[in-house]
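Lettering follows sequence order; numbering is per chain, from 1. The figures that follow rest on heavy atoms only: side chains count, while hydrogens, waters and symmetry mates do not.
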Number of protein chains: 2
Amino acid sequence: MAEREVDRSVSQTVKAQLALRDQILSGSLRPGERISELQAVETTGASRTPVRMALVRLEEEGLLEAIPSGGFMVKAFSERDISDSIELRGTLEGLAARFAAERGVSARELEPLKECLAAIDELLRQVPISIEAFSSYVTLNARFHALLTELSRSPPLIRQIDRASALPFASPSGFVMAQSALPEAQQILIIGQEHHRVVIDAIENREGARAEAVMREHARLAVRNLRLALRNRTHLDLLPALALIKTATD
Amino acid sequence: MAEREVDRSVSQTVKAQLALRDQILSGSLRPGERISELQAVETTGASRTPVRMALVRLEEEGLLEAIPSGGFMVKAFSERDISDSIELRGTLEGLAARFAAERGVSARELEPLKECLAAIDELLRQVPISIEAFSSYVTLNARFHALLTELSRSPPLIRQIDRASALPFASPSGFVMAQSALPEAQQILIIGQEHHRVVIDAIENREGARAEAVMREHARLAVRNLRLALRNRTHLDLLPALALIKTATD
DNA sequence: TGAATACGTTATGTATACAATAGCGCAGGA
DNA sequence: TCCTGCGCTATTGTATACATAACGTATTCA
């Protein structure tokens with residue numbers, strides 16, 4: 001084993017996967033670029049076997065693409081790929097909300113959702129919102145969506161939503177952060193928050209169709225959000241995640 | 001390498017993955033059962049590295065579950081897991097149909113769909129339908145759904161639908177075959193075929209909402225189909241795929 | 001007699017060695 | 001000068017050896 005430094009607290013495979021995902025999402029590896037196993041071995045500190053396992057997982061996750069002649073490359077996404085992914089995720093979340101409403105949810109289970117809601121309300125009170133508050137917003141928003149998904153009590157659906165979230169749009173921080181300087185930004189967040197409020201209400205009142213509809217509308221808002229961000233490319237240096245978008249004309 | 005037989009026509013990893021999936025779907029490996037790497041090495045003929053890669057892929061595919069202490073086991077599904085998966089897939093297919101309708105599809109692209117439709121019509125003409133005809137139906141139906149998915153022109157959506165189809169309900173042969181002896185079977189197939197006809201019509205007329213709605217209804221039909229099959233367990237010996245369902249009460 | 005601990009066996013996680021293929025460059029001939 | 005073919009190199013795919021952790025069993029002590 002020589003002098004290789006080994007961190008035994010987590011498995012090498014997981015370590016390599018996290019490291020590589022970081023490299024991809026941070027833009028160290030550009031879209032279309034081929035990932036060299038040897039290079040990955042050096043940057044991650046794991047050996048080739050766990051690195052290869054990590055590569056396979058990242059491919060399944062949708063961040064990498066297998067090259068027919070062997071090896072993997074960083075996947076490149078068009079703007080439409082990403083907006084489709086957002087709508088796709090919204091559709092699944094809509095289903096989750098409907099399941100939650102139809103199957104019934106106890107008041108106790110809704111508690112954490114409401115706490116999230118209140119915390120976000122608090123953040124949005126400042127106008128204009130600070131970068132730090134934005135950062136908290138992103139975390140809380142992700143938490144809200146995760147909790148909502150859980151309410152569906154449907155493991156296959158939860159799993160599928162997780163996978164859909166693995167796509168780059170799942171790091172919404174990029175889009176939101178990009179717009180912190182835009183006038184429309186705050187307005188969009190406020191509308192989104194209203195959606196959150198409505199979906200909880202619909203679930204409480206067991207109105208499945210309404211719960212589903214509002215989540216789909218929520219996704220359409222996110223698509224508008226994305227378009228807005230992309231029309232204001234000057235802010236995009238804040239967006240490492242968006243590095244995944246093809247530079248091509250699409 | 002010794003005397004190990006190596007088939008160089010396909011990669012060992014793919015070979016192992018196919019072999020293992022077969023074993024799972026055919027019921028050779030029962031739900032909840034731990035998969036031994038060593039045993040898999042013997043049955044697949046590949047060595048441990050490709051076997052492990054195959055296991056990782058099958059886990060991502062949803063057929064296996066990682067055991068915290070290490071290794072993998074065959075995932076077990078409840079009846080609700082499967083019906084949820086069907087509805088989930090239907091929801092995604094609905095989105096695909098809507099995309100197709102909204103984005104427009106040329107008559108030439110619809111041609112293969114219509115051929116499928118006609119071929120299925122031909123099969124359903126026999127009453128009662130033979131086992132062989134059922135088998136053809138299953139193939140054609142899968143083809144129809146795959147073609148429809150393609151029409152969305154959305155790679156992320158197509159990808160996600162593929163993954164949703166990897167779940168056991170994706171081998172619809174089981175459910176359908178099981179009912180070949182049931183009186184309601186043929187009726188269900190005929191209704192399903194009507195759905196196929198409507199979705200094509202909706203796409204041709206660019207009615208996105210209608211296209212989406214009919215695919216979701218189609219999925220609900222499939223759920224009823226599943227329930228029906230499960231209520232008539234006597235026919236289930238035809239169903240290796242259903243071996244995946246937990247024997248538990250759930 | 002039962003429970004707990006220690007040891008051994010077995011299986012997984014990791015590392016590395018070996019094999020094969022694909023891509024690239026150079027050289028030679030047309 | 002360009003095209004083609006051969007060979008080398010670099011990188012992936014596969015196999016296996018080694019390390020480590022978990023589980024089961026047996027033995028001993030209470």
Interatomic distance where [atom1] belongs to [X] and [atom2] belongs to [N] [whole Å]:
X	N	atom1	atom2	result
B:Leu38	C:dT9	CG	C1'	13 Å
A:Phe72	D:dT11	CZ	P	16 Å
A:Glu37	D:dT14	CD	C1'	12 Å
B:Gln12	C:dA20	CD	C1'	13 Å
B:Glu42	D:dT16	CD	P	13 Å
A:Met73	C:dA22	CE	P	18 Å
A:Arg34	C:dC24	CZ	C1'	13 Å

Measuring from the side chain of A:Ser47 (C-beta onward, heavy atoms only), which nucleotide among C:dA15, D:dT14, C:dT12 has the closest atom?
C:dA15

Looking at residues 48-57 of chain B, who's got a heavy atom less than 4.0 Å off DNA chain D?
B:Arg48, B:Thr49, B:Pro50

Heavy-atom side-chain proximity of B:Leu95 to B:Ser152 below 4.5 angstrom
no

Hey, does the side chain of B:Ser69 come within less than 4.0 Å of D:dA21's phosphate (OP1/OP2), counting only N and O?
no

For C:dG13, does either OP1 or OP2 sit under 4.0 Å from a side-chain N or O belonging to A:Thr13?
no

Who passes salt bridge (charged side-chain N to carboxylate O under 4.0 Å, His left out) against B:Glu37, sequence neighbours left out?
B:Arg48, B:Arg52

Return the set of residues passing side chain to side chain contact (heavy atoms under 4.5 Å, CB included) with [X] (not counting sequence neighbours), or none when no residue passes.
X	answer
A:Glu42	none
A:Arg153	A:Glu109
A:Ala54	A:Ala16, A:Gln17, A:Leu20

Answer yes or no: is there an ion pair linking A:Arg57 with A:Glu61, defined by an N-O contact shorter than 4.0 Å?
no

Under 4.0 Å between any heavy atoms, over every strand shown, what does B:Ile67 touch: base, sugar-phosphate, or nothing? Just pick one.
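The residue B:Ile67 makes no contact with any strand.
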
Restricting to ring-ring contact (aromatic ring centres under 6.0 Å, His included), what partner residues turn up for B:Phe144, sequence neighbours left out?
B:His196

